[in-house]
Number of protein chains: 2
Amino acid sequence: MEPNNELENESNYTASNYRTPDGAPSDIVIFTITSEEKAPGKKTMPARELQLLLIRRKRWPFEGQWALPGGFCDEDESVYDCAKRELLEETGVADVHLEYFNVYSKPKRDPRGWIISHAFLALVNERYLAGRRAQDDAADVRLFPVSEALAMDLAFDHGDIVRDALEKVRVKMLTTTIAKQFLPAEFTIGELYQVIRTVVPDFEEPNFIRKMTSTQSREGILEPARDENGALKRSNRYSQRAAQLYRFTGCEPKLSIYG
Amino acid sequence: MEPNNELENESNYTASNYRTPDGAPSDIVIFTITSEEKAPGKKTMPARELQLLLIRRKRWPFEGQWALPGGFCDEDESVYDCAKRELLEETGVADVHLEYFNVYSKPKRDPRGWIISHAFLALVNERYLAGRRAQDDAADVRLFPVSEALAMDLAFDHGDIVRDALEKVRVKMLTTTIAKQFLPAEFTIGELYQVIRTVVPDFEEPNFIRKMTSTQSREGILEPARDENGALKRSNRYSQRAAQLYRFTGCEPKLSIYG
DNA sequence: CGAATAGTGTCTGTGAGACAGTATTTA
DNA sequence: TAAATACTGTCTCACAGACACTATTCG
């Protein structure tokens, strides 16, 4: 358990003679779903796309290459707090879904030395990134469609991190209610379906409405939205015929392969 | 992204003036299921219990207290390789299920300094720990029932780590086929049920046999064991009436809350 | 009217769940 | 023969899946 015998007791604990890490950054894969009106002015469902935020490095190593936002951890903060701080600094947003998912510690992964990186994924509703988008292509901070990001040659092992993050968010999209991160508090079944499909293109459920609305089959994940008088709330922001609005109930189902 | 401006380019990269971590250990929560014959000589199902392995610390800090096995990572290995190495050193076993699950980085969690710990969980079949058990209570390495371990005052934040690991292994027990780590290659439905219940006491399925054997309902997670001639294999090691043996097929089901 | 989205009617099959009953071997 | 484990028969109900059909509003 001990790195050396110098650490045998408190009195002779000075500094380790052993090699210690040169840094422990938190890196963040920030996902968002952009939506764009296909036919402006017409009531039609928007085109949605899963995007992630990258920054262009200003310094050695990998100067000029795109990388994940992130930064080094301080002694007086946890890696989670570090990620939260960096997220605020990079994107100006707080109070978004932020979740640790893996550590990257392969030797020589960083030419600056022995650096162990902690990877987080953040799910940010596009409305929080509104200001950011204006800068667009010219800037050193920019959103990329995931398909595009996967094909890029990113700094460090950030390509691996992005792939792992994508895999993770796809699994969680189907097994938890994180879809809510990309939706308003009240939404239609059609919107929910579109969001799921944006993240997990393989997810195909004809009759999705039927399944989500049939009695207690979905174990009460969703509930119809109602106004103060208890009347059902409907919306026609994306459709001709008004659609029932739903909200997540807050209960997370427990999944099992055995029953 | 940079900790300081000293790192601006390769030529003037020497050593950081900034504080860097004092160590990055891997700690391992080693679970096993012990089984003990209730009535020796009688053909009856054994009593099973979920246990985990702890070591008693020989040095400051937390001298004399029980802690998770683990050790400091070297620069030329990943945290996973470090965990694997420590697992071999502590228990003498290799080729067991070993899985990273979380990082612990709360400031001041370790009185020796700024130490970020990477926690793994290992699932070890009790037959691999056979030698270890002989030493038993007197030794500095010993198995504890999880209920007992949870009530102990462990070194560092290892109590938190154990709780998180238990939560994790319970979820995975129901959503993946890791039950196979605690079972022989061929087993009866009764054994499988017992193993699941040992890890997740809340799991109650009267009619478990029915569910697991009814047509393709379990999507082919299990298949009946057959000998060279294709005849079904049965066992009566734990029962009077011989029971059908099964094996995991290797296919992991994909779960979804949406359909 | 046609396009676009939202839903419903209806049928078929199959699994979940309950629970009592039967089967096989051992002490 | 009683105990212990391993199944099986049978019934009911609900949902999954398919797919065509209706509903509502916009341009």
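So that the names make sense, note that chain A is the first sequence line, chain B the second, and so on, each numbered from 1. The basis for the numbers below is simple: all heavy atoms, side chains too, and nothing from hydrogens, waters or symmetry mates.
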A.B. asks: Does A:Phe248 have A:Lys180 sitting over its ring (NZ/CZ under 6.0 Å from centre, angle to axis within 45°)?
C.D. replies: yes

A.B. asks: Salt bridge (charged side-chain N to carboxylate O under 4.0 Å, His left out) with B:Glu205: which of B:Arg197, B:Lys211, B:Arg210?
C.D. replies: B:Lys211

A.B. asks: From C-beta outward on A:Thr188, which listed nucleotide comes closest to its side chain: C:dA18, C:dA6, D:dC7?
C.D. replies: C:dA6

A.B. asks: Under 4.0 Å, counting only non-hydrogen atoms across every strand here, what does A:Arg234 touch: a base, just sugar-phosphate, or nothing?
C.D. replies: sugar-phosphate

A.B. asks: Looking just at side-chain N and O atoms, do A:Gln244 and A:Thr188 make a donor-acceptor pair shorter than 3.5 Å?
C.D. replies: no

A.B. asks: Can you tell me the distance, in whole Å, between the CE atom of B:Met45 and the C1' atom of D:dA6?
C.D. replies: 11 Å

A.B. asks: Between A:Tyr100, A:Phe101, A:Tyr104, which is the residue that forms a ring-ring contact (aromatic ring centres under 6.0 Å, His included) with A:Phe120?
C.D. replies: A:Tyr100

A.B. asks: Whole angstrom is fine here: how far is it from CE in B:Met212 over to P in D:dT5?
C.D. replies: 20 Å

A.B. asks: Could you check how far CD of A:Glu37 sits from C1' of C:dT5, rounded to whole Å?
C.D. replies: 16 Å

A.B. asks: For A:Asn207 and for A:Tyr238, locate the closest nucleotide of DNA chain C by heavy-atom distance; then report the residue assigned to the nucleotide nearer the 5' terminus.
C.D. replies: A:Tyr238

A.B. asks: Below 3.5 Å is the cut-off: list the nitrogen or oxygen pairs between protein and nucleotides 25-27 of chain C, distance only.
C.D. replies:
from	atom 1	to	atom 2	distance (Å)
C:dT26	O4'	B:Gln240	OE1	3.2

A.B. asks: Within the modelled atom types, does a donor on one side and an acceptor on the other bring the side chain of B:Arg210 and the base of D:dG9 under 3.5 Å apart?
C.D. replies: yes

A.B. asks: Indicate whether OP1 or OP2 belonging to D:dG17 is found under 4.0 Å from a side-chain N or O atom of A:Lys211.
C.D. replies: yes

A.B. asks: Roughly, in whole Å, what's the span from CD1 in B:Ile209 to P in C:dG15?
C.D. replies: 18 Å

A.B. asks: To the nearest angstrom, how far is B:Tyr258 atom OH from D:dA16 atom C1'?
C.D. replies: 19 Å

A.B. asks: Could you tell me whether the phosphate oxygens of C:dT5, OP1 or OP2, come under 4.0 Å of any side-chain nitrogen or oxygen in A:Thr44?
C.D. replies: yes

A.B. asks: Any side-chain donor paired with an acceptor under 3.5 Å for A:Thr34 and A:Gln51?
C.D. replies: yes

A.B. asks: Please state how far atom CZ in B:Phe208 lies from atom P in C:dG15, giving the value in whole angstrom units.
C.D. replies: 16 Å

A.B. asks: Could you state the atom-to-atom distance from OH of A:Tyr246 to C1' of C:dA6 in whole Å?
C.D. replies: 10 Å

A.B. asks: Using side-chain heavy atoms (C-beta onward) and a distance below 4.5 Å, is B:Val162 in contact with B:Phe144?
C.D. replies: no

A.B. asks: Rounding to an integer number of Å, can you tell me how far A:Ile189 CD1 sits from C:dA4 P?
C.D. replies: 22 Å

A.B. asks: Using a 4.5 Å cut-off on heavy atoms from C-beta on, say whether the side chain of A:Arg142 contacts that of A:Leu54.
C.D. replies: no

